[in-house]
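A short worksheet on the structure shown next.
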Number of protein chains: 2
Amino acid sequence: MSQTVDRALSILPLLAQGPADLGQVADRLGVHKSTALRLLRTLHEHGLVYRQQDQRYRLGARLFALAQEAVENLDVREIAHPHLAALNDRTGHTVHLAVHEDGEVLYIDKVESRYPVRMYSRIGKPVAITVAAVAKLLLADLPEPERRALAAKLDYPRYTPRSTPDAAAFLQELATVREQGWATDLGGHEESINCVAAPIRGADGRVVAAMSVSAPNVVVTAEELLALLPLVRRTAEAISHDYSGTTPPKETEESPA
Amino acid sequence: MSQTVDRALSILPLLAQGPADLGQVADRLGVHKSTALRLLRTLHEHGLVYRQQDQRYRLGARLFALAQEAVENLDVREIAHPHLAALNDRTGHTVHLAVHEDGEVLYIDKVESRYPVRMYSRIGKPVAITVAAVAKLLLADLPEPERRALAAKLDYPRYTPRSTPDAAAFLQELATVREQGWATDLGGHEESINCVAAPIRGADGRVVAAMSVSAPNVVVTAEELLALLPLVRRTAEAISHDYSGTTPPKETEESPA
DNA sequence: ATGGGCGTTGCATGGAATGCAACACGGTGA
DNA sequence: TCACCGTGTTGCATTCCATGCAACGCCCAT
């Protein structure tokens, strides 16, 4: 909506792909060098881009700080963390916490597996939305029109033969997940990795986050992992309880002086 | 330099302090509501802010993704990580990696202590620049005028009685650190926590990063921690070697097709 | 029913972002 | 040594676009 800001912000994903010099930025933005220079300077003043010795620009430090502060403001995360850690303690497997935001699902917390063979993932990284167990739970809870709209505009990459092939299959899967209250991903993203997941609900019953336990099947078989389902669900319920308890539903009035 | 972008970016740190509604954002920016709305919309389109159910804005998901990609572009980090992990393995203590950027020093990697009592820190969080051992190393390597200028404009908070009191003391300390090639922080930030740190150098000898080992003195005394200094220095040298080897000094030409 | 608070929209105006052209600078080859 | 690129940088006139205003719609509370 604001051309100048729009251009400036477009620089960030561009630099995320790697450092670039002034000319490259200007070209890829389709603006004059002087314009790009001024935009970059403004970004620089705010610490979002950094100029390295060779004069090329790359993403800046403030970005980390902002992301950190952002994640610390998510109260679900704080409340959930001890539960996730405890679950990791009991099972030894990788535990994830994810939320949905504007058509993306992303991990906001993670407790690493104790086993040497670990799955790759990164906090902040958007997940494979069409196959991840946590994504299914979060999207299954959307109001139907939104769910349909989102399903329609997604891509359905065939990571493996068991990946969700298309929108129809996805919506079908979401219906099932919605019904049963839990979800799995059995080799849908990476052939050898399985996950089981359960939803975390707010006081109004809406799904606010989802958690999962993941393990490669060189460590445990899918059946063994599924056996953990009751435990995972109980953990999710415990978190839901904590969360609903501490966060008064919808009361955003000023706190009593 | 660009008013519009400047205003838009000012919203981010503002939201980092917690969610805010349109009116609050407009007030704190000193602009009309409609202006704030358009800025927020632009930020929203780029995923930097998110609008929660109660219509208030908070920092958005793309910020994480950007921060992640930014950190993955830092090759020092990638090269250093296995060394840090190995050092953590041998000592059991928390190991940090930090870089300097525009007058700030921040952690870009961390391997957690094995001991139950851990120090608090966060990747991405700017460090206490006047007392942290890694900060001393990074700043000690700056050209003298820059070092003086920076020292002059810093604040010198008295975290503890042993915190660096003022610019003069700081510059003195930097000189010492520069001379000896390593640094410590003995209770200068938190009374009970000590660190020893060593520099990581690029092929041209400049300090590109610094690493440290930290432990509370309920776990090991300062003397015991200092005994690890040779090991820390050897590790830093090993990283420097790896880093100089894989990153050809200053050669930013196109890679051979 | 009625008022107040909030977010939202269309529009006229002026300020601010833009592209241009000229400059500065460092490196390269003659 | 000089001239010549290819950078990044600056001042300036034009113009477009961001701005503030005022009016509207909406929801909640009284």
Side-chain angles (χ1 to χ4, degrees), chain A residues 1-12 14-15 18-46 48-60 102 143 203-204 206 248-257, chain B residues 1-12 14-15 18-46 48-60 102 143 204 206 248-256:
Chain A
M1 302 244 62
S2 168
Q3 188 184 74
T4 314
V5 179
D6 186 52
R7 284 175 173 168
L9 297 183
S10 302
I11 294 178
L12 298 179
L14 195 156
L15 290 185
D21 63 29
L22 180 60
Q24 296 170 330
V25 172
D27 284 350
R28 301 193 52 181
L29 275 188
V31 299
H32 195 269
K33 277 187 306 176
S34 57
T35 304
L37 178 68
R38 282 182 289 250
L39 296 178
L40 281 164
R41 275 222 266 255
T42 311
L43 290 169
H44 179 89
E45 272 173 20
H46 286 260
L48 298 189
V49 308
Y50 176 67
R51 192 154 204 194
Q52 32 189 30
Q53 287 87 343
D54 61 358
Q55 296 215 107
R56 293 191 305 165
Y57 295 90
R58 62 170 173 72
L59 294 179
D102 278 328
D204 54 1
R206 296 277 321 261
K250 293 278 173 189
E251 288 178 21
T252 320
E253 299 151 30
E254 69 274 37
S255 48
Chain B
M1 301 246 65
S2 170
Q3 187 185 76
T4 314
V5 178
D6 186 53
R7 284 174 173 169
L9 297 183
S10 303
I11 294 178
L12 298 178
L14 195 156
L15 289 185
D21 63 29
L22 180 60
Q24 296 170 329
V25 172
D27 283 350
R28 299 192 54 180
L29 275 188
V31 300
H32 197 268
K33 277 187 306 176
S34 57
T35 304
L37 178 67
R38 281 183 289 251
L39 295 177
L40 281 164
R41 274 223 266 257
T42 310
L43 290 168
H44 180 88
E45 273 173 21
H46 286 260
L48 298 188
V49 308
Y50 175 67
R51 192 153 204 193
Q52 34 190 29
Q53 286 88 342
D54 60 358
Q55 294 214 107
R56 292 191 304 165
Y57 295 90
R58 61 170 173 73
L59 294 179
D102 277 329
D204 53 1
R206 296 278 318 262
K250 293 276 174 189
E251 289 178 21
T252 321
E253 300 152 29
E254 69 276 38
S255 46

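In what follows, chains carry the letters A, B, and so on, assigned in the order in which the sequence lines appear, proteins first and then strands, with residues in each chain numbered from 1.
The CG atom of Leu29(A) sits 10 Å away from the P atom of dG19(C) (whole-angstrom rounding). Rounded to whole Å, atom P of dG6(D) lies 11 Å from atom NZ of Lys33(A). Atom C1' of nucleotide dG6(D) and atom CG of Asp27(A) are separated by 13 Å, given to the nearest angstrom. His44(B) has its NE2 atom 15 Å from the P atom of dG7(C), to the nearest Å. If you take CG of Leu37(B) and P of dG20(D), they are 13 Å apart, rounded to a whole angstrom. As rounded to whole Å, 15 Å separates atom P of dA18(D) from atom CG of Leu40(B).
Close to dT10(D), at under 4.0 Å from its OP1 or OP2, lies a side-chain N or O of Arg41(A). The phosphate of dT18(C) (OP1 or OP2) has a side-chain N or O of Arg7(A) nearer than 4.0 angstrom. Dashed line: the shortest gap from a side-chain N or O of Thr35(B) to OP1 or OP2 of dG20(D) is under 4.0 Å.
Of all nucleotides listed (dG20(D), dG19(C), dT9(D)), dG20(D) comes nearest to the side chain of His32(B). Taking every side-chain heavy atom of Gln3(B) into account, dA16(C) is the closest of dG20(D), dA16(C), dG11(D). The side chain of Leu22(B) sits closest to dG7(C) out of dC20(C), dT18(C), dG7(C). Proximity note for Arg38(B) (side chain, C-beta onward) versus dG20(D), dG8(D), dC12(D): the nearest is dG20(D). Distances were taken from every side-chain heavy atom of Val31(A) (C-beta onward) to each of dT9(D), dG19(C), dT19(D); the shortest belongs to dG19(C). Considering only the side chain of Leu39(A), dT18(C) comes nearest among dA18(D), dT9(C), dT18(C). The side chain of Ser34(A) approaches dG19(C) more closely than any other nucleotide in the set dT8(C), dT19(D), dG19(C). Between dG20(D), dT10(D), dG8(D), one nucleotide has an atom nearer to the side chain of Gln55(A) than all others, and that is dG8(D).
Between the side chain of Glu45(A) and the backbone N or O of Thr42(A), no donor-acceptor pair lies under 3.5 Å.
Closest of all the heavy-atom pairs between Pro19(B) and Gln52(B) is CB-NE2, 3.4 Å. Taking both residues in full, the closest heavy atoms of Asp102(A) and Tyr50(B) are given as OD2-CD1, 3.4 Å, listed atom of the first, atom of the second, then distance.
Between Arg206(B) and Asp204(B) there is no salt bridge, since no side-chain nitrogen of the basic residue lies less than 4.0 Å from a carboxylate oxygen of the acidic one.
In this structure, Val5(A) reaches neither bases nor backbone, as no heavy-atom distance under 4.0 Å exists between it and the strands shown. Within 4.0 Å (heavy atoms only), Thr4(B) reaches sugar-phosphate atoms of the nucleic acid but no base atom.
Distance check, rounded to the nearest 0.5 Å: CG of Leu39(B) to OH of Tyr57(B) gives 10.5 Å.
Of the two residues contacting DNA chain D, namely Met1(A) and Arg51(A), the nearest-nucleotide position lying further toward the 5' end is that of Arg51(A).
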